[in-house]
Structures are given as structure tokens and as C-alpha cells.
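In listed order, ligands and their atoms are each counted from 1. Heavy atoms only: backbone and side chains are in, while hydrogens, waters and symmetry mates are out.
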Amino acid sequence: MAMQPYKGSCHCGAIQFSFEVESFTHGIRCNCSFCAKRGTMMHLVPGVQFQIEAQDGALGMYQWGTKSAKHYFCKSCGVATFSETSKWPGQYIVNLGCLEGVDTFALETKVFDGKHLL
Ligand SMILES: [Zn+2]
């Protein structure tokens, strides 16, 4: 499969990011206590591919529980953009709703049972 470039941003544009992955037709939703409230559809992206451009002070970070994950969001518009977790080291978990040209409502949904596995 060919690699495809993707660009993403938060709602106000203070945080931008880009990466290349093989094109995908599904997204992952997680049922852990955090993701169930946040409601994002996600995809794993290798960290070496991942480029972040954030305005000074725009990138917020939230941790909970064992603090094994870093959930990044925009301090201005509140949109969750991506996360990192020790469960998948070296990868970013991207909020697919932030990507240009991706319709999350058209993607197949796979459920990660974070409620029991995290
Ligand atoms: Zn923003």
C-alpha cells in the first residue's frame, strides 16, 4: 500500500500536525472512561512520521490514572488533537476528526476495549 500524507489541526488552527501512513478505511474508538466521554475516533501513527507545529503555549496536556498516557489538546479551542501512551511507545494516537479530507462518519469503526485492557 502506498503511503499517503495527512494534515491535521485543532479547530482554531493553533495546533497543526502532519504525517504519512498507509491509507486507512477504519478508525478506532475506545471505551475507557476518558475516551467514552471524549468521543474521538482515532488511528495509530508512527512517531518518526509525526510533525507538530503549535503556537507558543497552545498545547495543553492531560493525564489521569496511572499517567501512562499524555493526551494533548488545544488550550484555545479545547479540541483534542493527539495522544501518546506507554502502551504503544513511539506512536501517536491521532484524532481523525482533526484531519483534512477525512470523513470520520464514513469510516468503519473498530472498538478498542480500553475499559478492560488499559
Ligand atoms: Zn485550537
Trainee: Under a 4.5 Å side-chain heavy-atom rule over Ile, Leu, Val, Met, Phe, Trp and Tyr, are Tyr6 and Tyr92 clustered together?
Mentor: yes
Trainee: Could you please tell me which protein N, O or S atoms lie under 2.8 Å from the Zn ion (ligand 1)?
Mentor: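 Near the Zn ion (ligand 1), below 2.8 Å, one finds Cys10 SG, Cys12 SG, Cys74 SG, Cys77 SG.
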Trainee: What pair of heavy atoms forms the shortest contact from Ala69 to Thr85, and how long is it?
Mentor: CB-CB, 3.8 Å
Trainee: Could you label the plane-to-plane angle of the Phe112 and Trp88 rings as parallel, tilted or perpendicular, counting under 30° as parallel and over 60° as perpendicular?
Mentor: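 Aromatic pair Phe112/Trp88 classed perpendicular.
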Trainee: Short question: side chain of Asn95, backbone of Thr40 - any donor-acceptor pair under 3.5 Å?
Mentor: no
Trainee: Going by side chain to side chain contact (heavy atoms under 4.5 Å, CB included), Cys35 matches just one of Lys115, Arg29, Met42. Which one?
Mentor: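 Only match with Cys35 under side chain to side chain contact (heavy atoms under 4.5 Å, CB included): Met42.
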Trainee: Side chains of Trp64 and Cys32: closer than 4.5 Å at any heavy-atom pair?
Mentor: yes
